[in-house]
*Asks:* 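Mind having a look at this structure? Questions to follow.
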Amino acid sequence: MTLEHATAGEAPPGPTPRASVLTAVRAVPRPLAALLAAATVLSVAWALFTPALQGADETGHVAYVQHLAETGDGPSVGLTGGRAESQELRAFIRWHNLEPLTGVDTARPGWSQVERDAWDRVEGDLRRDDGAGPNPVGQNPPLYYAYEAVAYTVASGFSLPARLLAMRLANLPLLWVTIVCAWLAIGELFRRRPAPRFAQTVGTGAVALLPMATFMSGIVNPDNLLMATSTAAVALALAALRLGPRPAVLAGLGALAGIGVLAHGRGLALVPAVLVAGALALWRGRGSPVPVRARALGAAAGIALIAVAVVAAGAYSNAHAGDTSLTGELTGSSESGLNDLSGFVEYVWQFYFSPMTNMTPAPGEGLFGYRQLFVEQFLTGAFASLEVKYPDAVYRLMQVLQGLGLVVLIGAVARRWEVVRAHLAQVAVLAAFLLSLMALLHLAAWQDLNGPEAAHLLAGRYLLPVVAVLGATVAFVVDVLPGRVRAGLGAGILALAAALSVGGVALTVVRFDA
Amino acid sequence: MRRVAIVVMAAVLLVAALALGRLAVRDRPALEFVATPPPILEATPIELRRGAAACQQDVVLTPRSRVIRTWSGSPTPDVPRLRVTARADGWSTTALSPERTDLPGGGADGVYDTRIEPPPREVLATVCVQSAEPGRTAILAGSEEPRVKTRSPTRVDGREIDARMGLAVLTGGPRSPLSHAREVLERAAAFWPAPAGWLSLGLLLAVVAVGVPAAAVYAVLRSLREETGE
């Protein structure tokens, strides 16, 4: 079944067992193809214009991949007989002058021929397999790193920069999965005739041209696998409401949640969301022709897959980081934070709103709340190690625009309440993915704030797993508006996203190389 | 509806193009190499008494290098001049910071810009800084902040110190990215393997600048056509 037919919910015109690749490519809707092409160009540009290891925590992730590829085992968080990075990686960092560069916008990478010559002289004689740790991301589950290790191994006969580039470009299929699944998810929400292709395009474009999504796909980071897996889970969860509790669907939801858990500790947020989706599919499919035994089997398989993934991820993390954590962002978590529930509620309130009288300010330094997380680091973007930013006026403009967007969304829900009510299950599924992730992030952040360093470990890229929810929301708002306003708003959103993406790449080039 | 979409997109993309143009022609410091970035939030003073010199190794100097920049850590604008010495295999040079310390780059404004004679070829040099005025202590800005890192530690009279002295090399006065576009692209391609080079990266940048907005416009117009048959 082609994307067109899958989205429209109709049967293909006939069996095409010998359909050529060309035919399959032609079956991709043109607007989707254009968005895929644009996202691919942006991803390649981010991969090449972001200097090596300058993505978020990229040194640790690359060291993890290298050690896994070279030795068959991942690095550890604690002290080992080795180092945080291999001898080869350390020399590369030294001669490319990358260490002073990370997160410091007054620093520059090494560009000179004399530095490249120094690197060329040493690179062939250096060990690649001694980066056993301590690696600060060593507790992460290994699935994404194993995926990247394939690219590393394929390029193992080439120099380290070539292997780094191969690892970055290996994210492209994950980006494509994300975009196609966002398209399918939005298609599931708008199953009517004629298909609202414009709203679907704008919603998917909000995903494909989201600067943070393409930027992250240009660096080595497990958030890429988590984003792809979560978006696929959203699409399948929405499809499950239509398809009913078929065993393959229920098992598929479990498999995707399992992949998410094995990709990163933050993938745990997928578990409650797919459980809600599975429960809704079972509830709505009470009278479906799928036999009860088959439904039970599917549900059991899904739950078993999740359980196996959680146990495997936990076992891996325990072996490589002791019993401290399952995820980077939960590493420093103390249990004390959970004992202060009123403090947690006050913290979450102050994250989104102004403090009420008698509220205790959250611990830690600096202001980090809704604007910084949602507006600056997610919707607009901050690149490299967050030091590449747009001018503040851009963030202020985006804050105003997203505020207006929220107002329009509320108005759209009120205006089309009967439609929303008729699709409450779909709304519940989208809400489950969003709330589950936000609950996990806030809980982890609250624990970290109560830890010894009172660090606020939240970043806009952590919201990428719910990028399909963003796309669906944008599509809904665009779809509700009347003719010309709708066309203007949708076109404006995509033009703005394209402009921000191009601007982000340009700012990165200027920051590092001008 | 297509006309509305075209007008809106053209307006947004025009504003973006103007902003990008401004970014391309706005002057920036002509940095050639940053051995150690300056302090970010908190400077640690490095006091150089009579004869004492603070040195860093593996500083890249090229035939285009014109200025060695260090930062003053003095609490007052009354600062001495500096003597900067650079040495590499078979080459060395010595220079004094500007005679008028109260002018920009003279030290009183927190920045010492010392003009040097560049080497005839690219070298990895050892750069040393000391007070040029007998009896006057020079105070340079160093940093012990964890975020400020360096390729080689700072040594004062041969002994390694905790503070890292801010030190950068410039090719001259500020200039715009557009004025040396090819050099910018060569830098971006410096460590990547072939076929990444200044030409291929330049083409990629052009595809990003033109192709991404074009794809967005195409997606919008095509989807409107598919939906409405306009």
Side-chain angles (χ1 to χ4, degrees), chain A residues 30-31 34-35 37-38 41-42 44-45 48-49 52 94 96-97 99-100 103-104 106-116 118 158-159 161-162 165 194-198 200-201 205 209 483-484 487-488 490-492 494-499 501-503 505-507 509-510 512-514, chain B residues 1-2 4-9 12-13 15-16 19-20 23-24 28 31 33-38 40 60 62 122-124 147-151 168 177 180 184-193 196 201 204-205 207-209 211-213 215-220 222-224 226-228:
Chain A
R30 296 286 175 83
L35 294 174
V41 168
L42 285 167
V44 172
L48 282 161
F49 287 115
R94 173 178 174 78
H96 201 351
N97 206 29
E99 194 170 17
V104 179
T106 49
R108 296 292 182 273
W111 304 300
S112 67
Q113 188 60 47
V114 71
E115 288 165 302
R116 276 178 279 169
F158 296 92
S159 67
L165 193 55
R197 184 49 56 82
F198 181 64
Q200 189 177 19
T201 298
L209 300 179
R484 288 187 175 181
L494 281 204
L496 185 60
S501 296
V502 175
V505 173
L507 284 167
V509 174
V510 170
F512 286 110
D513 301 313
Chain B
M1 283 206 290
R2 282 167 64 89
V4 173
I6 290 171
V7 169
V8 170
M9 294 191 98
V12 172
L13 294 174
V15 171
L20 281 176
L23 180 70
R28 291 170 56 82
L31 287 169
F33 179 72
V34 179
T36 308
I40 300 170
V60 174
T62 77
E122 284 192 6
V123 294
L124 287 169
R147 284 176 63 195
V148 174
K149 293 174 179 166
T150 182
R151 179 185 283 169
H180 62 126
V184 169
L185 293 168
E186 283 172 344
R187 289 171 168 184
F191 271 80
W192 292 128
L201 290 194
L204 177 60
L205 209 51
V207 172
V208 168
V212 171
V217 171
Y218 174 81
V220 163
R222 175 81 191 192
S223 61
L224 276 173
E226 287 182 12
E227 190 173 295
T228 64

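Side-chain atoms are counted along with the backbone in the values below, which use heavy atoms only and exclude waters and symmetry mates. We name chains A, B, ... by the order of the sequence lines, and we start the count at 1 in each one.
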*Asks:* Given a strict heavy-atom distance threshold of 4.5 Å, which part of P109(A) is in contact with chain B: side chain, backbone, both, or neither?
*Replies:* neither
*Asks:* Determine yes or no for a side-chain-to-main-chain donor-acceptor pair under 3.5 angstrom, with R94(A) supplying the side chain and R151(B) the backbone.
*Replies:* yes
*Asks:* Residues two or more places apart in sequence or in another chain: which of them pass side chain to side chain donor-acceptor pair (under 3.5 Å) with D513(A)?
*Replies:* W111(A)
*Asks:* Got a sec, which residues hit side chain to side chain donor-acceptor pair (under 3.5 Å) with E186(B), two or more places apart in sequence or on another chain?
*Replies:* R182(B)
*Asks:* Between the side chain of R147(B) and the main-chain N/O of V104(A), is any donor-acceptor distance below 3.5 Å?
*Replies:* no
*Asks:* For S112(A), is it the side chain, the backbone, both or neither that has a heavy atom under 4.5 Å from a heavy atom of chain B?
*Replies:* both
*Asks:* Between R222(B) (side chain) and A34(A) (backbone), is there a donor-acceptor pair under 3.5 Å?
*Replies:* no
*Asks:* Would you compute the distance between atom CZ of R30(A) and atom OH of Y218(B) and round it to the nearest 0.5 angstrom?
*Replies:* 5.0 Å
*Asks:* Nearest 0.5 Å please: distance from the CD atom of E227(B) over to the CD atom of Q200(A).
*Replies:* 9.5 Å
*Asks:* Answer with side chain, backbone, both or neither: which region of V60(B) has an atom nearer than 4.5 Å to a non-hydrogen atom of chain A?
*Replies:* side chain
*Asks:* Given the options A219(B), P37(B), A216(B), which has more heavy-atom pairs under 4.5 Å with chain A than any of the others?
*Replies:* A219(B)
*Asks:* Please check: side-chain N/O of W192(B) versus main-chain N/O of L165(A), any donor-acceptor pairing under 3.5 Å?
*Replies:* no
*Asks:* Indicate yes or no: at least one non-hydrogen side-chain atom of V34(B) is less than 4.5 angstrom from one of T106(A).
*Replies:* no
